[in-house]
Protein chains: 2
Amino acid sequence: MRRREGNKEQAILDAAVKVFAHSGYHNAKITSIAEEAGVATGSVYLYYPGKEAIILAIFDRIWKSLTDGIGATARRTDFTPEQKLERVIDLMFDLFIVNPSLAAVFVNEQDHLIQGRKGTVSRQFDQFLDLAEVIIREGVRKKQFNPQIDLKLFRHFIVGGIRSLLRQWSAQPSTFPLNRIRQNIKAFVKHGVLIR
Amino acid sequence: MRRREGNKEQAILDAAVKVFAHSGYHNAKITSIAEEAGVATGSVYLYYPGKEAIILAIFDRIWKSLTDGIGATARRTDFTPEQKLERVIDLMFDLFIVNPSLAAVFVNEQDHLIQGRKGTVSRQFDQFLDLAEVIIREGVRKKQFNPQIDLKLFRHFIVGGIRSLLRQWSAQPSTFPLNRIRQNIKAFVKHGVLIR
DNA sequence: GTTATTATTGAACCAAAGTTCATTATCGGA
DNA sequence: TCCGATAATGAACTTTGGTTCAATAATAAC
């Protein structure tokens with residue numbers, strides 16, 4: 001027998017996040033990922049069946065983290081719907097702050113995977129949106145959110161808007177301080193552009 | 001001499017929109033585009049220097065149409081800022097009602113091109129956003145829009161949100177009637193989620 | 001009708017990158 | 001210390017698909 005030295009599976013995943021973030025999925029080379037992870041090219045295939053499986057594993061991790069967070073938030077009884085909505089926005093931002101590369105992959109590659117409805121990614125995305133909808137519906141029921149707005153549309157709009165801003169930020173972090181983005185999104189989502 | 005039969009350049013561009021919409025840029029094959037256009041593979045290269053030039057030409061067309069529209073809107077004196085804002089949203093929807101495939105390409109591939117700052121695409125995008133900013137600034141000056149909101153952030157958020165919804169629509173047109181999307185976006189952009 | 005010129009063709013070319021696998025290295029057990 | 005078994009390697013293989021170009025077709029000019 002021979003023992004596996006270190007956690008190569010994890011090292012490859014971390015390396016892939018960096019490489020995907022830098023080059024984008026389609027331009028990322030398996031050899032680059034292996035090099036970044038400090039393993040041989042062939043070793044990648046000992047842990048993942050192929051390139052696509054790697055990015056699917058990354059998104060599994062992202063969505064697991066987000067759905068866990070939003071699920072816990074939705075269940076809380078000591079938060080108003082408004083506070084819950086803010087918390088969901090915070091969840092996405094926190095992920096970015098902790099791991100900017102992961103965030104870059106998230107905002108840039110999500111669509112490809114959803115489009116092909118590959119693996120569990122789209123299911124987890126749907127689950128996230130469903131939980132968001134629960135929060136909004138609670139707000140409407142408690143007469144705090146505008147009942148006119150279509151929930152299914154609204155949640156897509158918000159998530160899309162946030163992703164668009166995060167993409168800008170990950171491309172040019174200096175021009176958009178993340179906290180200003182966060183505050184503006186919260187204010188805008190709640191009140192819109194018009195003066196009350 | 002020999003005259004060119006038909007407008008192959010246009011036929012190829014139209015075919016490319018369809019193929020890119022269906023398969024995505026990276027999975028689209030030049031041969032498929034040629035076949036769809038009813039020309040030989042090699043003919044594509046008589047009109048475009050390469051694959052990337054084709055999608056750049058598509059985006060040139062999209063952004064030209066949008067910037068022309070928003071420019072004309074911004075200049076009008078018979079519209080309130082609120083009406084201008086609605087008009088900008090209508091502009092994006094009208095383009096895509098006419099050509100849903102074009103919408104799919106727009107929402108799915110824009111980022112790749114911006115990211116690499118390829119050709120004139122990013123410049124035209126910036127120009128579009130600048131014109132949007134002019135409209136918003138007018139609204140703030142006339143005390144109709146909330147001055148708290150950061151303009152540069154706001155415009156990214158809106159455009160990102162709209163794109164996200166259009167993506168959904170182009171993937172499953174039946175579940176999201178386009179006019180409902182349009183009305184909801186207008187209401188949400190103006191008032192946000194909270195009840196006034 | 002002949003020829004020159006340009007348009008068009010599509011099979012072949014070629015580079016890039018995902019994947020494989022024969023070889024080598026390392027470790028646990030006897 | 002030697003052996004068996006698994007981990008790891010990375011050069012070679014293979015596929016994919018963008019691009020090329022020699023051959024052919026079509027039209028205008030004379």
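Chain identifiers are assigned alphabetically (A, B, ...) following the order of the sequence lines, protein sequences preceding nucleic acid strands; residue numbering begins at 1 within each chain.
- Residue-level contact check: B/Val39 touches the backbone only, with heavy atoms under 4.0 Å from sugar-phosphate atoms and none from bases.
- Between A/Arg61 and A/Asp14, at least one side-chain N (NZ, or NE/NH1/NH2) sits under 4.0 Å from a carboxylate O, which counts as a salt bridge.
- An OP1 or OP2 oxygen of C/dA7 is reached within less than 4.0 angstrom by no side-chain nitrogen or oxygen of B/Lys8.
- The list of side-chain hydrogen bond (donor to acceptor under 3.5 Å, both in side chains) pairs with a residue in residues 93-105 of chain B, not counting sequence neighbours, reads B/Asp94-B/Arg182.
- Here D/dA8 presents its P atom at 18 Å from CD of A/Glu35, a figure rounded to the nearest Å.
- Taking the six-membered ring where tryptophan is involved, the planes of B/Phe157 and A/Phe188 are perpendicular, since the angle between them exceeds 60° and thus also 30°.
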Every protein N/O within reach of nucleotides 18-21 of chain D N/O, cut-off under 3.5 Å:
{"residue": "D/dG18", "atom": "OP1", "partner": "B/Ala28", "partner atom": "O", "Å": "2.9"}
{"residue": "D/dG18", "atom": "OP1", "partner": "B/Lys51", "partner atom": "NZ", "Å": "2.9"}
{"residue": "D/dG18", "atom": "OP2", "partner": "B/Ile30", "partner atom": "N", "Å": "2.8"}
{"residue": "D/dT19", "atom": "OP2", "partner": "B/Tyr45", "partner atom": "OH", "Å": "2.6"}
{"residue": "D/dT19", "atom": "OP2", "partner": "B/Lys51", "partner atom": "N", "Å": "3.1"}
{"residue": "D/dT19", "atom": "O5'", "partner": "B/Tyr45", "partner atom": "OH", "Å": "3.3"}

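- In this structure, A/Ile54 atom CD1 and C/dA17 atom P are separated by 15 Å, rounded to whole Å.
- Side chain of B/Ser170 to main chain of B/Arg167: a donor-acceptor pair is present (N/O by atom type, distance under 3.5 Å, no hydrogens or angles).
- Residues B/Phe59 and B/Val105 form a side-chain contact, since some pair of their non-hydrogen atoms from C-beta on lies under 4.5 Å apart.
- One interatomic measurement links the two molecules: CG of A/Leu46 to P of D/dG10, which rounds to 13 Å at whole-angstrom precision.
- Remark: aromatic rings of A/Phe106 and A/Trp63 are close, center separation under 6.0 Å.
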